[in-house]
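Encoded as structure tokens, the structure appears first; notes follow it.
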Amino acid sequence: MLKVASYNMRKGIGTDRRRNPDRILEVLREIDADVVALQEADRRFGERASVLTPHLLDEHSDWQAVAVGLRAASMGWHGNALLVRKSAQVVDCEAIHLPALEPRGAVMADIRTAHGVIRVVGMHLDLSGLWRRRQAAAIMAHVESCTHRYPTVLMGDLNEWTRGSGCLRDFARDYAFAATGPSFHARRPVGRLDRIMVSHDWRVEECGVHASATARKASDHLPIWATLVPA
């Protein structure tokens with residue numbers, strides 16, 4: 001099985017309004033996923049440096065950051081980042097530019113695992129429904145245009161409150177949704193803003209929302225996860 005997770009880590013700022021990268025890493029260790037899509041992984045201002053420093057990952061985790069950062073101090077692209085096991089091989093990776101009024105992007109990586117090469121896309125979509133649909137279309141078009149086809153996982157904060165409409169309906173044409181459950185707000189989850197979507201090469205074996213005591217404090221979103229097996 002392959003375990004994946006998605007986490008809007010809110011730049012490491014918890015519900016107590018304190019920035020604590022160690023607490024984010026503790027939550028990730030609790031989930032222990034093979035591949036993690038992070039949103040809001042970088043600080044907002046200045047060099048937009050990564051909240052989870054290379055030293056923190058190197059010394060205190062089993063993950064490496066996929067090198068999609070286009071800024072020297074950044075882990076990802078517009079706050080989107082991917083973590084994979086240190087034992088995994090990153091075959092290819094790139095940032096995906098998205099249409100938007102405010103800076104938005106997605107990140108994509110092809111990763112060699114025990115299941116062969118898989119493709120993972122991490123995203124954080126717009127607050128506007130119109131722009132979310134445009135961004136969903138851009139992401140799917142980008143994946144479709146790739147020369148090589150691999151079993152694919154799309155993950156991230158879609159910012160979609162409605163069920164089965166808007167960008168959710170668009171993604172559902174080609175991808176199946178893991179029924180993970182509400183993940184926002186961390187203190188009282190009611191919104192299914194965070195989503196994991198898989199191509200038809202995968203079957204979702206198990207999935208859920210990680211709602212440990214630490215996760216309820218570490219960010220305003222709870223992380224979601226899914227275990228996948230080849231279909």
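These values consider heavy atoms only, across backbone and side chains, with no hydrogens, waters or symmetry-generated copies.
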Taking only Lys NZ, Arg NE, NH1 and NH2, and the carboxylate oxygens of Asp or Glu, determine whether [X] and [Y] approach each other closer than 4.0 Å.
{"X": "Asp32", "Y": "Arg29", "answer": "no"}
{"X": "Arg149", "Y": "Glu144", "answer": "yes"}
{"X": "Asp110", "Y": "Arg119", "answer": "yes"}
{"X": "Asp16", "Y": "Arg23", "answer": "yes"}

Between [X] and [Y], which heavy-atom pair has the shortest distance, and what is it?
{"X": "Ala67", "Y": "Cys93", "answer": "O-SG, 3.7 Å"}
{"X": "Val204", "Y": "Ala226", "answer": "CG1-CB, 4.4 Å"}
{"X": "Ala109", "Y": "Val66", "answer": "CB-CG1, 3.9 Å"}
{"X": "Leu56", "Y": "Pro21", "answer": "CD2-CB, 3.9 Å"}
{"X": "Tyr7", "Y": "Ala215", "answer": "OH-O, 4.4 Å"}
{"X": "Met9", "Y": "Leu38", "answer": "SD-CD1, 3.9 Å"}

Practice prompt. Please test Thr214 against Glu30 for side-chain contact (heavy atoms from CB on, under 4.5 Å), starting from the C-alpha separation and ending with a verdict.
Written response: CA-CA 9 Å; Thr214 305; Glu30 290 173 353; 3.6 Å; yes

Discussion item. Checking Phe184 now: which residues fulfil ring pair (Phe, Tyr, Trp, His ring centres under 6.0 Å) with it, not counting sequence neighbours?
Written reply: His221

Worksheet entry | Test salt bridge (charged side-chain N to carboxylate O under 4.0 Å, His left out) applied to Lys11 - qualifying residues, sequence neighbours left out |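 Applying salt bridge (charged side-chain N to carboxylate O under 4.0 Å, His left out) to Lys11 gives Glu40.
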
Do [X] and [Y] come within less than 4.5 Å of each other through their side chains, counting heavy atoms only?
{"X": "Ile139", "Y": "Met123", "value": "yes"}
{"X": "Ile96", "Y": "Val107", "value": "no"}
{"X": "Glu94", "Y": "Trp77", "value": "no"}
{"X": "Trp202", "Y": "Val229", "value": "no"}
{"X": "Gln89", "Y": "Thr113", "value": "no"}
{"X": "Leu158", "Y": "Leu168", "value": "yes"}
{"X": "Val4", "Y": "Met155", "value": "yes"}
{"X": "Glu205", "Y": "Met1", "value": "yes"}

Quick check for you: to the nearest 0.5 Å, what is the distance between [X] atom [atom1] and [Y] atom [atom2]?
{"X": "Ile224", "Y": "Asn8", "atom1": "CD1", "atom2": "CG", "result": "10.5 Å"}
{"X": "Leu193", "Y": "Asp157", "atom1": "CG", "atom2": "CG", "result": "5.5 Å"}
{"X": "Thr53", "Y": "Met75", "atom1": "OG1", "atom2": "CE", "result": "8.0 Å"}
{"X": "Ser219", "Y": "Asn20", "atom1": "OG", "atom2": "CG", "result": "12.0 Å"}
{"X": "Glu102", "Y": "His78", "atom1": "CD", "atom2": "NE2", "result": "10.0 Å"}
{"X": "Arg134", "Y": "Leu125", "atom1": "CZ", "atom2": "CG", "result": "13.5 Å"}

Using modelled atom types and a 3.5 Å cut-off, is there a donor and acceptor pairing between side-chain atoms of [X] and backbone atoms of [Y]?
{"X": "Ser199", "Y": "Tyr175", "answer": "no"}
{"X": "Arg19", "Y": "Gly12", "answer": "no"}
{"X": "Gln135", "Y": "Arg104", "answer": "no"}
{"X": "Ser145", "Y": "His142", "answer": "yes"}

Worksheet entry | Trp63 six-ring face occupied by Lys86 cation (under 6.0 Å, within 45°) |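 Pair Lys86/Trp63 does not count as cation-pi.
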
[X]-[Y] side chain donor-acceptor pair, cut-off 3.5 Å:
{"X": "Asn80", "Y": "His124", "answer": "no"}
{"X": "Ser128", "Y": "Asp126", "answer": "no"}
{"X": "Ser212", "Y": "Glu26", "answer": "no"}
{"X": "Asp194", "Y": "Ser6", "answer": "no"}

In terms of hydrophobic clustering (I, L, V, M, F, W, Y; side-chain heavy atoms under 4.5 Å; direct or indirect links), are [X] and [Y] co-clustered?
{"X": "Ile111", "Y": "Val121", "value": "no"}
{"X": "Val198", "Y": "Ile118", "value": "yes"}
{"X": "Val27", "Y": "Leu57", "value": "yes"}
{"X": "Trp225", "Y": "Leu25", "value": "yes"}
{"X": "Val35", "Y": "Ile196", "value": "yes"}

Fill in: Within 6.0 angstrom of Arg18 CZ, more than 12 heavy atoms from elsewhere
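Atom CZ in Arg18 is not crowded, with 12 or fewer foreign heavy atoms closer than 6.0 Å.
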
Worksheet item: Above 12 or not: heavy atoms from other molecules or residues under 6.0 Å from NZ of Lys3?
Response: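 Count over threshold, so yes.
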
Item to complete: Run the numbers on Leu2 and Thr227 for side-chain contact (heavy atoms from CB on, under 4.5 Å), then give the verdict.
Response: CA-CA 5 Å; Leu2 179 78; Thr227 52; over 6 Å; no

Worksheet item: With respect to Glu160, which candidate in Arg132, Arg192, Arg133 satisfies the side chain to side chain donor-acceptor pair (under 3.5 Å) definition?
Response: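 It is Arg132, the one option of Arg132, Arg192, Arg133 that forms the side chain to side chain donor-acceptor pair (under 3.5 Å) with Glu160.
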
Item to complete: Applying side-chain contact (heavy atoms from CB on, under 4.5 Å), run through His185 and Val190 and close with a yes or a no.
Response: CA-CA 7 Å; His185 186 278; Val190 294; over 6 Å; no

Worksheet item: Would Val51 and Asp42 count as a side-chain contact (heavy atoms from CB on, under 4.5 Å) if you check the C-alpha gap in whole Å, the side-chain angles of each, and the deciding distance to 0.1 Å?
Response: CA-CA 5 Å; Val51 173; Asp42 299 331; 5.9 Å; no

